[in-house]
Number of protein chains: 2
Amino acid sequence: MLARRRHDEIVKILRLDGMVRVSTLAVALGVSEMTVRRDLETLSSSGIVEKFHGGASLVGRPTTEEPGFDVKRTMQTDVKESIAEKAAARVRPGSSVGLTAGTTTWMLAKYLDVRPLTVVTNSISVAEVLYPMASPTLDVVLTGGVRTPSDALVGPVAVASLSSLHIDVLFMGVHGMTERAGFTTPNLMEAETNRAFIRGAAELVVVADHTKFGVTGLSTICPLESADSLIIDAELDEAALQLLRSEIPDVELVRPEPTESPERKQFNDPKPFDVTGVA
Amino acid sequence: MLARRRHDEIVKILRLDGMVRVSTLAVALGVSEMTVRRDLETLSSSGIVEKFHGGASLVGRPTTEEPGFDVKRTMQTDVKESIAEKAAARVRPGSSVGLTAGTTTWMLAKYLDVRPLTVVTNSISVAEVLYPMASPTLDVVLTGGVRTPSDALVGPVAVASLSSLHIDVLFMGVHGMTERAGFTTPNLMEAETNRAFIRGAAELVVVADHTKFGVTGLSTICPLESADSLIIDAELDEAALQLLRSEIPDVELVRPEPTESPERKQFNDPKPFDVTGVA
DNA sequence: AAGCATGTTCGAACATGTGCGAATTGACGA
DNA sequence: TCGTCAATTCGCACATGTTCGAACATGCTT
């Protein structure tokens, strides 16, 4: 097996399980431990993984590996992360939530830790974040459809799926919001799909960072006042905030945490990991 | 062979298999390794491929091509590859085809090179094979649903999506087939979803390797006679073949081509191979 | 004949496994 | 809390096999 392929394989395994032992990788990849160490050394100096005695984990926060779909590295990652975290805190056990496609909702998915929970999404990336966590108390429903470049499943199939589903809270990411155009997205079909999403939702929570304000996408999803809540970062200027508050009952301001490298697992607990046993 | 043509060929091969070894390409293209290296050098500086020690891959694409869901490397890979290739050859331009979940159908997807084409699938892995090839002449529709461990999207959402879609040919993988139980799968919901798939299909082509014969899964999808065609490898014993032919109008026997997966290639094996699959 | 694509040769770079001493860890007892 | 020990893990150094690419040779095209 080629070195390069091993590297990809290692990252893939780490995505599934957060951490691996060197010995496990050696068996899984069919090479000696020394080779695994050298691979980890390489990945480590590229900043991809973090080595520790006995194994390695993905570096720092949840996946530095971008969700390939977010080509426009608009950054704001920390901001979005904070917004996502705050949004996730609103989810109540036993409810069913919807997540549209988007970077923020993708991050949100990672913070969903209440159970039982049902999640409906039209984003493959979001679904893939949740699948490894799936359990009898976590249902993940993917709507069908055709995929847009931004990784949303849209179109008649998506709309039809959504029209038969009813969710408690919909978390929706948007590409832009203005007073006149409301919440917008560049993609016509995505707008339509999101409207179908909204129709089936008891509550609409929009998640967005401040750079979205004043931006108008091609297609309107819904007017501002359709949102029950908006979670946005505090960089927003005063006038904008005024306006948003006048249209939306509940505007929650989030200020990015001053960096956290919080609950990264500690190394003295190398949980054994069996690659072959992945169901 | 012209340099330009080789470049196209290399890219084509890479689309199919994620990565190739220089040595493999040299044999496949019938040129020296040095020439392959020069080709890769060109493609690399155009930003098309990414070189690494021993081979190359498409930029930004992981070299791991295994469908994560098939961790139980059930073998028969060469056989399945041949079956998939033969099945793909049946697809006519302008038609719409369905692909159920499964390793064989996943491989089949890689060989779909006629256009225009519409593909409907309930497997995320299959969809992901097709997305990079998507174009105005290739539509990929993913049904919704919840995901089974074997990577099929199933359940009411899937069934509802399928009931509104009509396809020309459905390629279905199965877990088992016997005279009494017909085509079977271990998963109840998957069986139901496959039935919905079949209802919307004008023609049913089952793809399976001979190890599936005599195996009974928990749930019957449909009786043997529901299949219009069966594509299976020639390892099948005579009695089984008799039986199958008596139930299914068209049984196509495939014998594994010397076609081999590049990554399993041994060097002392000089037999040429044509990855393109277009005879 | 000049120019280009390709093959061949060969030393350097790279990749991998093994042996072995050093470093880290966790458990036990004072 | 601290010290000690045994087991594990690490990574250097070396040996071996593979791959790379510069330089040169050959043959085809214009």
Side-chain angles (χ1 to χ4, degrees), chain A residues 1-11 13-14 17-59 264-275, chain B residues 1-11 13-14 17-59 62-64 260-270 272-273:
Chain A
M1 181 186 274
L2 259 44
R4 174 52 198 275
R5 180 192 272 283
R6 277 202 314 276
H7 295 174
D8 286 351
E9 204 75 39
I10 289 172
V11 171
I13 289 172
L14 280 172
D17 198 299
M19 74 170 49
V20 259
R21 325 188 96 253
V22 171
S23 51
T24 308
L25 279 178
V27 175
L29 302 173
V31 294
S32 73
E33 299 199 353
M34 190 63 234
T35 299
V36 171
R37 285 197 194 92
R38 281 190 274 242
D39 287 343
L40 291 177
E41 179 55 38
T42 305
L43 289 169
S44 171
S45 60
S46 317
I48 315 269
V49 309
E50 190 178 351
K51 287 204 307 176
F52 54 81
H53 199 90
S57 69
L58 283 184
V59 76
R264 201 66 213 134
K265 287 188 216 171
Q266 272 319 304
F267 305 143
N268 40 17
D269 178 23
K271 164 171 85 176
F273 161 68
D274 180 14
V275 192
Chain B
M1 183 185 271
L2 263 50
R4 172 57 68 84
R5 176 152 161 60
R6 276 202 314 276
H7 294 175
D8 290 348
E9 206 67 30
I10 289 173
V11 171
I13 290 172
L14 280 173
D17 276 307
M19 65 152 268
V20 260
R21 305 183 129 260
V22 171
S23 51
T24 307
L25 280 177
V27 176
L29 302 173
V31 295
S32 73
E33 300 199 352
M34 191 63 235
T35 299
V36 171
R37 283 196 198 95
R38 281 190 274 244
D39 287 342
L40 290 177
E41 180 54 39
T42 306
L43 288 169
S44 171
S45 59
S46 315
I48 315 270
V49 309
E50 185 185 354
K51 285 204 310 176
F52 48 80
H53 199 89
S57 71
L58 286 182
V59 288
T63 60
T64 59
E260 37 196 307
S261 324
E263 75 271 29
R264 301 201 206 298
K265 175 122 181 83
Q266 291 303 312
F267 308 127
N268 44 9
D269 183 356
F273 90 112

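- Contact between E9(B) and L29(B) at its shortest, heavy atoms only, is CG-CD2, 3.6 Å.
- Applying the 4.0 Å criterion to OP1 and OP2 of dC10(D), one finds that K51(A) has every side-chain N and O outside that range.
- For dC20(D), neither phosphate oxygen OP1 nor OP2 lies less than 4.0 angstrom from any side-chain nitrogen or oxygen of R38(B).
- Looking at the side chain of R37(B), the nearest of the listed nucleotides dG21(D), dT8(C), dC10(D) is dG21(D).
- Distance L40(A) CG to dT16(C) C1': 15 Å, rounded to the nearest Å.
- Each of T24(A), V22(A), L25(A) was evaluated against E33(A); a single residue qualifies, V22(A), per the side-chain contact (heavy atoms from CB on, under 4.5 Å) test.
- An OP1 or OP2 oxygen of dG17(C) is reached within less than 4.0 angstrom by a side-chain nitrogen or oxygen of T35(A).
- Remark: R6(B) is in phosphate contact with dT6(C), judged by side-chain N or O atoms under 4.0 Å from OP1 or OP2.
- A residue-by-residue look at M34(A) and H53(B) shows that M34(A) has its nearest nucleotide of DNA chain D further toward the 5' end.
- With sequence neighbours left out, the side-chain contact (heavy atoms from CB on, under 4.5 Å) criterion links E41(B) to K51(B).
- You'll find the side chain of M19(B) stays beyond 4.5 Å of the side chain of R4(A), heavy atoms only.
- Atom P of nucleotide dA22(D) and atom CD of E33(B) are separated by 16 Å, given to the nearest angstrom.
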